[in-house]
Amino acid sequence: MKEQSIFTNLNFMNKKMIENLVKNGDTVVDATLGNGHDALFLGKLIGPEGKLLGFDIQNLAVKKSSKRMKDEGISNYSFINESHDKIDQYIDEASAIVFNLGYLPGASREITTRGTTTLEAIKKSVKILKKPGLISIMFYTGHPGGTEEMDMVLSYVKELDKKEFDVLEFKHINGIKTAPFLLIIYKKGE
Ligand SMILES: C[S@@+](CC[C@H](N)C(=O)[O-])C[C@H]1O[C@@H](n2cnc3c(N)ncnc32)[C@H](O)[C@@H]1O
């Protein structure tokens, strides 16, 4: 089996941070369902008492993710074929909101997340987030529009009030230029 280390695998690091914060019975959001890997992780983490809300603009992603959950016998979820910038129409509060941006692996590379809607969704997520709470955003800059999307979000999060938020970035700087980039927005507890 491949080595799982927070230093070699940003996804693994991301999961460790989410696990550190999310508790059994929490409400969490997967803002980009894709193939349902993150949703399955979140669904297991919150347990049967928790609530997982998921969004994707592609019906294929909603179907694939739902199948993944059913195959594992998990039913604490509600998946919506809708853009994540409508998040506030579906939920008032969540302890973790997870974005894994870009295109759906195995499907069209033309359908990707976009800067304007991603930024809107993140602004709304910041309001919905519980204290303490975490938004995690995985960026990929190898596809058209990916760098612009990241820059738009970065200019917004840099201005978040230090008293209320910690904003952290993680990236391999000795790897390829288009290595994934992980951003964490942590809303401090009361
Ligand atoms: C990299 S994939 C997500 C991977 C997924 N989290 C997983 O575990 O397999 C990105 C997904 O974002 C979706 N997406 C693109 N724009 C979106 C939007 N405005 N709202 C919600 N999902 C969107 C794409 O359809 C694609 O399925």
Side-chain angles (χ1 to χ4, degrees), residues 2 4 9-19 22 27-46 50 52-72 74 76-91 94 96-129 134-153 156 170-171 176 178-185:
K2 239 173 111 181
Q4 290 276 27
N9 185 331
L10 276 193
N11 246 321
F12 191 59
M13 174 187 273
N14 192 16
K15 285 182 179 160
K16 289 288 162 202
M17 287 191 276
I18 297 169
E19 276 170 3
V22 171
T27 297
V28 296
V29 179
D30 184 346
T32 51
L33 282 170
N35 287 315
H37 298 286
D38 296 322
L40 181 61
F41 162 73
L42 291 168
K44 284 183 176 171
L45 192 60
I46 56 176
L52 165 67
L53 197 66
F55 294 90
D56 206 292
I57 49 167
Q58 297 190 69
N59 197 28
L60 172 67
V62 173
K63 281 193 180 151
K64 281 185 152 192
S65 302
S66 305
K67 182 173 182 317
R68 195 176 292 282
M69 303 296 275
K70 273 191 201 117
D71 288 351
E72 292 278 337
I74 294 178
N76 56 358
Y77 66 92
S78 168
F79 293 165
I80 305 155
N81 186 194
E82 172 75 275
S83 175
H84 42 219
D85 63 316
K86 304 286 187 301
I87 186 168
D88 57 334
Q89 294 179 14
Y90 295 89
I91 195 162
I97 305 174
V98 176
F99 292 79
N100 195 335
L101 303 174
Y103 55 82
L104 174 61
S108 167
R109 293 188 174 202
E110 306 284 309
I111 309 172
T112 69
T113 51
R114 311 245 168 223
T116 341
T117 31
T118 302
L119 181 59
E120 188 60 20
I122 290 168
K123 284 183 178 174
K124 288 180 174 175
S125 299
V126 161
K127 288 192 182 146
I128 287 166
L129 204 58
L134 168 156
I135 300 173
S136 103
I137 310 154
M138 190 73 83
F139 293 95
Y140 303 90
T141 53
H143 62 86
T147 303
E148 291 76 4
E149 179 178 42
M150 185 181 73
D151 289 344
M152 282 172 82
V153 174
Y156 164 68
F170 302 90
K171 186 184 176 177
I176 49 167
T178 55
F181 173 86
L182 173 64
L183 185 75
I184 300 287
I185 304 170

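Both counts, for ligands and for their atoms, begin at 1 and track the order of listing.
At the shortest separation from atom 19 (N) of ligand 1 among protein heavy atoms lies S83 OG, 2.9 Å.
Between F139 and F181, the angle of the ring planes lies from 30° to 60°, which puts this pair in the tilted group.
The N/O atoms of D38, backbone and side chain alike, include one that comes under 3.5 Å of an N/O atom in ligand 1. Ligand 1 has an N or O atom lying under 3.5 Å from an N or O atom of N35, backbone or side chain. Checked by distance only, ligand 1 and R114 stay at 3.5 Å or farther apart across all their nitrogen or oxygen atoms.
Here the side chain of D85 pairs no donor or acceptor atom with the backbone of T118 at under 3.5 angstrom.
Residue contacts with ligand 1 for D85 are absent, since no atom lies close enough (heavy atoms, distance under 4.0 Å). In Y103, the part holding a heavy atom less than 4.0 Å from any atom of ligand 1 is the backbone. Counting heavy atoms under 4.0 Å from ligand 1, residue S65 does not touch it at all.
E120 has no carboxylate O lying under 4.0 Å from a charged side-chain N of K123, or vice versa, which leaves the two without a salt bridge.
By heavy-atom distance, the residue among L101, D56, L60, T118 lying nearest atom 26 (C) of ligand 1 is D56.
Annotation: the span from F79 atom CZ to R68 atom CZ amounts to 10.5 Å, rounded to 0.5 Å.
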Show me the donor-acceptor pairs, under 3.5 Å and distance only, between side chains in residues 27-36 and residues at least two apart or in other chains.
from	atom 1	to	atom 2	distance (Å)
D30	OD1	T32	N	3.1
D30	OD2	A39	N	3.3
T32	OG1	N100	N	2.8
T32	OG1	N100	O	3.0
N35	OD1	K64	NZ	3.2
N35	ND2	P105	O	3.2

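The ring of Y140 has its center no closer than 6.0 angstrom to the ring center of Y103.
Looking at residues two or more places apart in sequence or on another chain, you find a salt bridge (Lys or Arg N to Asp or Glu O under 4.0 Å) between E72 and K44.
The distance from ligand 1 to the heavy atoms of Q58 drops below 4.0 Å at these ligand atoms: 24 (C), 25 (O).
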